[in-house]
Number of protein chains: 2
Amino acid sequence: MYKRPWWRGQFRQRGFRVTVPRETIIKVLSDRKKHMSVEEIFHEVIKTNPGVGLTTVYRTLELLRNMGFVSKLDFGDGFSRYELTIGDGSTHHHHLVCTGCGKVLDYSDFAEQETALIQEIERALNKKYNFVINTHQIHFFGLCKDCRGEQNEIGIV
Amino acid sequence: MYKRPWWRGQFRQRGFRVTVPRETIIKVLSDRKKHMSVEEIFHEVIKTNPGVGLTTVYRTLELLRNMGFVSKLDFGDGFSRYELTIGDGSTHHHHLVCTGCGKVLDYSDFAEQETALIQEIERALNKKYNFVINTHQIHFFGLCKDCRGEQNEIGIV
DNA sequence: TATGTTAATGAAAACAGTTTTCATTATGAG
DNA sequence: CTCATAATGAAAACTGTTTTCATTAACATA
Ligand SMILES: [Mn+2]
Ligand SMILES: [Mn+2]
Ligand SMILES: [Zn+2]
Ligand SMILES: [Zn+2]
């Protein structure tokens, strides 16, 4: 049985066309690892659809972001990174970034405690600063085991 | 009485020269508002020292970052922003960003609760993922009162 | 205080990620 | 099937940042 992609209805409903490049890009985002850069997504896309242009990848990612299907992340390495926030088994989570090699880990341990504190903070910030909060990001920066090893070998600090 | 700048010793100690451009840049960071972009810092700097080049501002900010005196922030508007993390009355805090106008607010309410949870998370992530965590960022994104008003008037969503 | 070494600087060019332009293509309503 | 036009791809433009390199000035030394 054919499982209709979860996003088609959303596209048509909002007046956007369902095109081959868009299908391919969403497929790559669904199949491949998270936190892909635009270039990485592009290279995956052209493996199956060589005709798709880099510009279209940029445009589609921005569209998906506006639709709330994707979130754009910046871990300070000069590349914008994207991950699906909807569809398959995506759940809200936070990030652990190695400043040595750029590796990014998702973690969702502490989900309950974090959520509780975040909701409390959002309520209070809303009241105190008159801000309506839509989203948040929590990033931890550090060094993974490998990068600590390398540093010790080379002797940088 | 002349108060010796807190950072001079640190510079000399690490073999870095104390220069006029560096003095000026640090003064701007101390005096002016936080979260300044490089261009903003540059424009302040050349008000008193017209000779200083943009390149030197970039280089000095990177140096200050390596020395741990400044933190680089990215709120997704395409500009790197910097704020002193040491000196004057700087204390660790988190951020509230308006996605409408780019305004950034520091908040340090919840310092105790956040710190407690963060330390707990750091310990657990260290153990589970073998990561040594050096720093973290918490960003809340939303709309300030003014930007909610504008949106309603214009009718976007 | 004068001198020499070389870290630091400024201007220009290069770089790289992203956005814009515009002629062409193809989606999907009728 | 036909048509209006949203979407596309290639090239050019854009822009924040980095690199290059000749010149300047900080500061250790005498
Ligand atoms: Mn993630
Ligand atoms: Mn701040
Ligand atoms: Zn690493
Ligand atoms: Zn605002």
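Note that the structure is a prediction, hence the values are computed from the model and not measured. Convention: sequence-line order gives letters A, B, ...; per-chain numbering from 1.
Rounded to an integer number of Å, the gap from A:R22 CZ to C:dT27 C1' is 10 Å. When the P atom of C:dA8 is taken as reference, atom CD1 of B:I25 falls 13 Å away, rounded to whole Å. Between the CZ atom of A:F75 and the C1' atom of C:dG17 there is a distance of 17 Å, given to the nearest Å. Rounded to whole Å, the distance from CG on B:D74 to P on C:dG17 is 15 Å. Rounding to whole angstrom units, CD of residue A:E62 and C1' of C:dT18 are separated by 11 Å. The distance from atom CZ of A:R8 to atom P of C:dG28 is 8 Å, rounded to the nearest whole Å. If you measure from atom CD of B:E40 to atom P of D:dT15, you get 17 Å, rounded to the nearest angstrom. We find that CD of A:E39 is positioned 10 Å from C1' of C:dA16, with the value rounded to whole Å.
With respect to A:E62 and A:R65, a salt bridge is recorded, a charged nitrogen being found less than 4.0 Å from a carboxylate O. We find that B:R123 and B:E120 are not joined by a salt bridge, their nearest charged nitrogen and carboxylate oxygen being 4.0 Å or further apart.
Of all the residues in residues 41-61 of chain A, A:G51, A:V52, A:G53, A:T55, A:T56, A:R59 reach under 4.0 Å from DNA chain D with at least one non-hydrogen atom.
Listed pair B:T19 / C:dT9 meets the phosphate criterion, a side-chain N or O lying under 4.0 Å from OP1 or OP2. Between A:S80 and C:dT18, a side-chain N or O to OP1/OP2 separation shorter than 4.0 Å is present.
Between the base of C:dA7 and the side chain of B:R17 there is a donor-acceptor pair shorter than 3.5 Å.
Aromatic ring centres of A:F16 and A:W7 lie farther apart than the 6.0 Å criterion allows.
Side-chain atoms of B:E83 and B:H93 include a donor-acceptor pair closer than 3.5 Å. Side-chain contact check for B:H94 and B:H136: at least one donor-acceptor pair (N or O, by modelled atom type) lies under 3.5 Å.
Closest contact between the side chain of B:V18 and the listed nucleotides D:dA7, D:dC27, C:dT18 involves D:dC27. Of the candidate nucleotides D:dT8, C:dT9, C:dG17, C:dG17 has the atom lying nearest to any side-chain atom of A:F79.
The two atoms that bring B:F42 and B:G53 nearest to each other are CE1-C, 3.7 Å, heavy atoms only.
A donor-acceptor pair under 3.5 Å is absent between the side-chain atoms of B:S37 and the main chain of B:R81, judged by distance alone.
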